[in-house]
Structures are given as C-alpha cells and as structure tokens.
Amino acid sequence: MSGGVDSATAAARAVDAGHEVTGVHLALSANPQSYRTGARGCCTIEDARDARRAADVIGIPFYVWDMAERFARDVVDDFVAEYAAGRTPNPCLRCNEKIKFEAVLDRAVALGFDAVCTGHYARVSDSGALQRAADPGKDQSYVLAVLTRDQISHALFPLGDTPKSEVREEARSRGLLVADKPDSHDVCFIADGDTRGFLSRKLGSAPGKIIAQDGEVLGSHEGAHGFTIGQRKGLHLDRPSPDGRPRYVLSIEPVSNTVTVGPAAALGVREITAIRPVWTGIEPPATPIECQVQLRAHGEVHPCTAAVADGNLEIRLAGEARGVAAGQAAVLYDGATVLGSATISATR
Amino acid sequence: MSTSPVVYLDHAATTPMLPEAIAAMTEELAQLGNPSSLHTAGRRARRVVEESREQIAGVFGSRASEVVFTSGGTEADNLAVKGLYWTRQAADPRRGRVLTTTVEHHAIFDSVRWLCEAHGARAEWLDVDSHGLVSADVLRDALSGDPASAAVASVMWANNEVGAVQPIAALAAVAHEFGVPFHTDAVQAAAQLPVDFAASGVDAMTVTAHKLGGPVGVGALILGKRLAPVPVLHGGGQERDIRSGTLDAPAIRAFAVAAVASAERRSLEAKRVAALRDDLIRQVLAAVPDAILNGPPPGPERLPGNAHFSFPGCEGDALLLLLDAKGIACSTGSACTAGVAEPSHVLLAMGADESRARGSLRFSLGHTSAQADVDALGAAIGEAVTRARRAAARSSARG
Ligand SMILES: Cc1ncc(COP(=O)(O)O)c(C=O)c1O
C-alpha cells in the first residue's frame, strides 16, 4: 500500500472478496532520514502514514517492509547503469519485476500468503494471461508485462475492471481519506523530478559531441545520459539546421559519448530487435505472428509482425514509429491480451 | 477484520489499566478545577493532586515534595538528563561529561546524544556485559580518572528490552563517592520490583503510570530536594518551578491508584508472573531448540515478566506479523522509523551481531497474563519460526 487511493481501494476490495488481507507498505528510500523530513517521493513518512490510516479504516493489519537495499540495487542502480549505457529504462517496470512481484512476493509466499494484490489497472484472464484494464486511460498492463506467468498467477489486480473516477468515488464512500490524493507520476526516487540533474549527480559530467548524421559537429553536451531518443528541446546546438526545421536526438553512442541528431523524418523506425523475451499470453511462437506492439508507457499501439530469432524478438512494424528508445519494453498485444514482452536493444 | 489480540504478551509496551484506576480517573474527569486556581474548585483539584502525590511518594519511598509530575517517562528522562547537565555545567564549565550505558531507552540515549551534538557534551557510554548488565567497577573506572569533568550519570534500573536489572544502589554509591548526581530510569522496574527511592540512594528517578496499570501520559521525576535541574518546559512553574504545565488531576489520581494497587500485589504478582515467564521460556525453547534467550538468566537480575529471544535465521518483524495473525501480540523491542525496524542497539551493545539483533522478539507478561497466553504462544511459535526462516532464506538466496 503506497499511501495512494488505488492500492487502498484494491486492499478494501480484496477484503470484500473474502481474502485474508495484510497491508504492506514498502520502505524504498535508502536514506531513512527522508522518513523524518517528509521529503517528496515514493516513500515518505506522509505516504506511510496515509497507507497506515487506510489499513486502519479497512480494518487489516499493516506492516512496513524495508526493501530499500533491494530497491537501490535492482531499480535505482539499474536505472543509472542503463542511462550510462545510452539506453532509456523504465524504472516502474523494473520495480514491478524485481521488487513487488519478486522480493515482496517471495517473502509473502514464504510467510504463508498466496498472492500479492496491488492497485494496478490491469486484468488477468481466466486462462492466466495479462490483459489491459477496462479504463484505457489508466491501463498499466505495459508496466506489468515483464512479469512471468508464475508471477502473474500470484498477482491480484482488483481495480482492472473499474474506471479511475469510480475508484475515487468508491474510496470516498468507504471513508478512505486518500480518495482525493493526486496520482503520483514522476520517477519516485527522484524527488524533485529533475532526472537529468539526478543522473549528472550520479554519473558526473562527461563532455562529448553532438553531431549530424553526416558526422558534422553541431555542438557539445555535458553527458550523453542527459538525452533521450526523440528529444527536441535543450539540445543547444551552435547552428540551425540547413532547412530551418527542428532536429531530434536520433541515437546515443555511449562509448564514443556522441549524440547524433537529425530531422524528424530520420526518427522513423520500422524494425526493432528486443532481447530477453518473456511469453505469458502464448507459447513462444515458432513462426512469425501478426499482432500489435506498444513501445513505451501510454504510447501508441502499432500493428506488427513478430518473430523469435536467435532467442531475440524481431519486430517488423506495418508503419513507422518515432522516438523508439533502447531500454524500453516492447510489449506485444493481441487486442487486450498481453502476449509477451522484451527489452528493446536496437532499431532500424 | 482484525480484532484486539486475544493473547497480549506486550506488557512492557503498555499494560492494561487497572479497573480501579479507570474508575478513579473517570470520576475525576467529571470534576472541575485547575489545581493552581485559588478558588474552591481549584482547591479541590489541588487536594486530589497532593493526596496522589503523597500516595505515589509512599509507594516509591520518597517524600511527597520530591515527586515532580510530568507527562510520562520520556519527559522525566529528558528533564533529568538535560536539566541536571545544564545545572551542573552552569555551576562549573569543566563538567562536560555525561555517563550512561549503551542499553538505555531512547528517551535517555537520544537526550545524551543531543546534548553532545547541540551542547558540546561528551558522552561516556558505559559498557554492559553479554547479559546487558553494567557493573559498579565500570562506572568507577569511568569516573575516577577525571571526576571533576563529570556532570551527571544515568543508568536505567531495569532494561525494557532484555529485562536486565542493574545494581542501582551500588552504582549510585559510586557516583556519590565522586560527588556526581545519579539518575535512574525506573519505568520498567517500578511495575514489577520493589523500587525505593530513598533506600537506593539515587538522586533522581523516572517512573510512568502506563506501565503499572495507570493511564498513558502521566509520570513523574522523583527528585531529591537539593537538586534543581534547569527546566525543559518553561511556563507557570507549577511543579517546583522545575516543570510547567497545568497538572492533569484525573490522570494523576489514576496514577496514584494504580501505583498503590500494583504495590500491594507486587510480591505475589512477581512470583506468579515469573512462574508463567519460566514456563514461556521452557515452551519456546522446546518448540525452537536453537532459540537464544537474551539477557540475564531468570532470577533477581531479570524482570519477572520479561522473556527475550533471538531466533536464528528469522527476521523479527516477520515473526511479529505471523504471531499477530494468530492473535498474539509481542514486540521486536526495537525502535521504528516509519515502521522500519532497526536492529536493537541494546542487543548490539550486548555483543550480538546484526542478524541476531534483527531476529529477536520480546514477550512481556503482566497483571492480566495467564497460563493460556503462554500455551498459545507455545503452540504457535514453532510454525511461525519455520515460516519466517523460509522467508529469510528466500530473500538471501535472491539477494
Ligand atoms: C525504560 C523506559 N523508559 C522510558 C519510557 C518512556 O515512557 P513514556 O512512554 O511514559 O514516555 C519507556 C516506555 O516506553 C521505557 O520502557
């Protein structure tokens, strides 16, 4: 229970459904001081208190589990290392994979619990496949798509059928004080929301060049980790493009520490290689399949053909996608059903 | 829906109020009057407070005038350590040392640390042995080198986690050899042991109501007449100009009623509770043979209601969760920050390593404890330890 409205309502619904529910709040901050000072972030003392109050109102036991070490290693350090390698990670996805549905689930099962119940907006089909939530605006199946079949079989998402507005309404009528608490959005461990500042504190500055596709040097930067594929703002180039059109980050090369920029047209991607596929909606396909792919959280859905080759996932888009960043997940869907996911490693 | 625990093994955290204390407090809550007011209503309230003061003094072997009411143990500890430090420092700036043990309650521990950080005091942390006991010789060694630099000494009478009962009279005598005022936190001792202020020779002693059947939020610093600690709370000066704040007559009356009642029953209760505790230890060790009993062996050096174990290979908070789910209330005995358990500084000071310190639980018995409570724990602890071990093993396998 994060201290937000979704996990509180999910817990209440799980109780209604007849489960024996224990509330768990995760202490994720490596710096226990932030529990005292109440700094903004995912695990402040205020959120812990809100979660505890919600548990009180629902009438369930409540505990704080200290997962700070695991979180620092598996989520924060990984986040920094991914940026250092020129990729763009999604830490929420990683947290679901390694913390909520691994560290927490493992501990819970060992203690005698059957499942981890969260306030994620997603559904699980009768056959055990992950599916999109009923509320398309809130759907979180993308950030859960890394879960294995076994993890999904120990997951409970009681909010998957309900629009967010109804969840708030229900929380209010249940007397949960968090009913009107705003949703959290940013990366929880970067309290001020300044990802670039966070990364340069962690990685230091590493000046390098910004070049055009033909190799012409257009400017310099203080560290390639400050850039994301498709980024347009904040490039501070020395001279405008010949045609006066905006330029975008096309690629980030960590070894040479070079950022390549170019016109919007060059951002288009048709083919994607993604590594470490996890198949949860179907068996690993022996032959290419027609499906859809989503390439970032809340991103568009693209029709595609997907095939397994050399253990990797090879995706050919029917059209073109823009701003596809290595490190993000490529999640395959058949309509509402998640077929599988993999981590994007290369685009063409 | 969780209900209140059937099996309450956490009397050291707080013990149920005695029915006579509830009755006295309830009656007094309906009365009007500020004990400091001069009119009839005020005088009536003042009389309640003063009669209570006399009763409490009687129970703890002090004069009535030596009882300074506070909001509880924490405030009394703060007043004693900070106030006496400031007074002694003002009289002689060389007096910068505060002598205390490594196993104090946070009310003392953190006050001393704060004096060091904010006021340049120097802490002298007296070592304890593997049972959590400090010896008079350790205090003598710490004082004899440079007695002129000692401001105040404070050693708890009985430890809240492992129940170790310190040789308070001997320690106080050593402090007095060197002319140093001696405070003791008797919060835990006062509920279960005969605690006599005058006979012990201490200069200041902390007690609190809610550990002996009174309400939470009231306590006292019993303070020798010649001592005048600098106040922590300034205001109307109601208590000897040392402590300010309107006196809580209903709570004070209930405190007195509880103190008298618990003193009357104390020797019989101590025997009864110690026998239950011994059986609890026997049952736990039978179910979990490799559990380690922390603290002194049962006997005069251990609080009769205290049992404290380390369960190798377990996280204390996992055990607590599992026992709570079975309706058994106990404690990891450690400080919490937003609910995150820190390994107990008491166990670490006794020489336990971090994993042993984390894997520990305190069971504390009191006036409502019965054989059924002990049997319920005996029946549940084996399975809980098995599960907690499995959980710890899984996380270290991944980790
Ligand atoms: C040894 C000791 N000192 C001080 C206190 C604090 O007393 P109170 O809760 O009345 O502030 C406690 C109780 O938690 C205690 O066990």
For this session: Report the residues that fulfil side-chain contact (heavy atoms from CB on, under 4.5 Å) with A/Arg168, sequence neighbours left out, ordered by chain and then residue number.
Result: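 A/Arg168: side-chain contact (heavy atoms from CB on, under 4.5 Å) contacts with A/Val5, A/Lys164, A/Arg172, A/Asp183.
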Exercise. So, B/Trp114 versus B/Tyr85, ring centres under 6.0 angstrom or not?
Worked result: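 That pair fails the under 6.0 Å test.
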For residues 307-316 of chain B, please give each side-chain donor-acceptor pair under 3.5 Å, one per line with the distance, not counting sequence neighbours.
unit_1, atom_1, unit_2, atom_2, d
B/His308, ND1, B/Asn294, ND2, 3.2
B/Ser310, OG, B/Asn294, ND2, 2.9
B/Ser310, OG, B/Arg356, O, 3.1

Exercise. Do you know which of B/Ala325, B/Ala391, B/Ala392, B/Ala384 has the most heavy-atom pairs under 4.5 Å to chain A?
Worked result: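 With the most close heavy-atom pairs to chain A, the winner is B/Ala391.
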Exercise. Quick one: what part of A/Val109 sits under 4.5 Å from any heavy atom of chain B, side chain, backbone, both or neither?
Worked result: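 Contact with chain B is through both the backbone and side chain of A/Val109.
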Exercise. Side chain, backbone, both or neither: which part of B/Leu322 has a non-hydrogen atom closer than 4.5 Å to chain A?
Worked result: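 Only the side chain of B/Leu322 comes within 4.5 Å of chain A.
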Exercise. Can B/Glu161 and B/Arg362 be counted as an ion pair, charged N to O under 4.0 angstrom?
Worked result: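 Between B/Arg362 and B/Glu161 there is no salt bridge, as every charged N stays at least 4.0 Å from the carboxylate O atoms.
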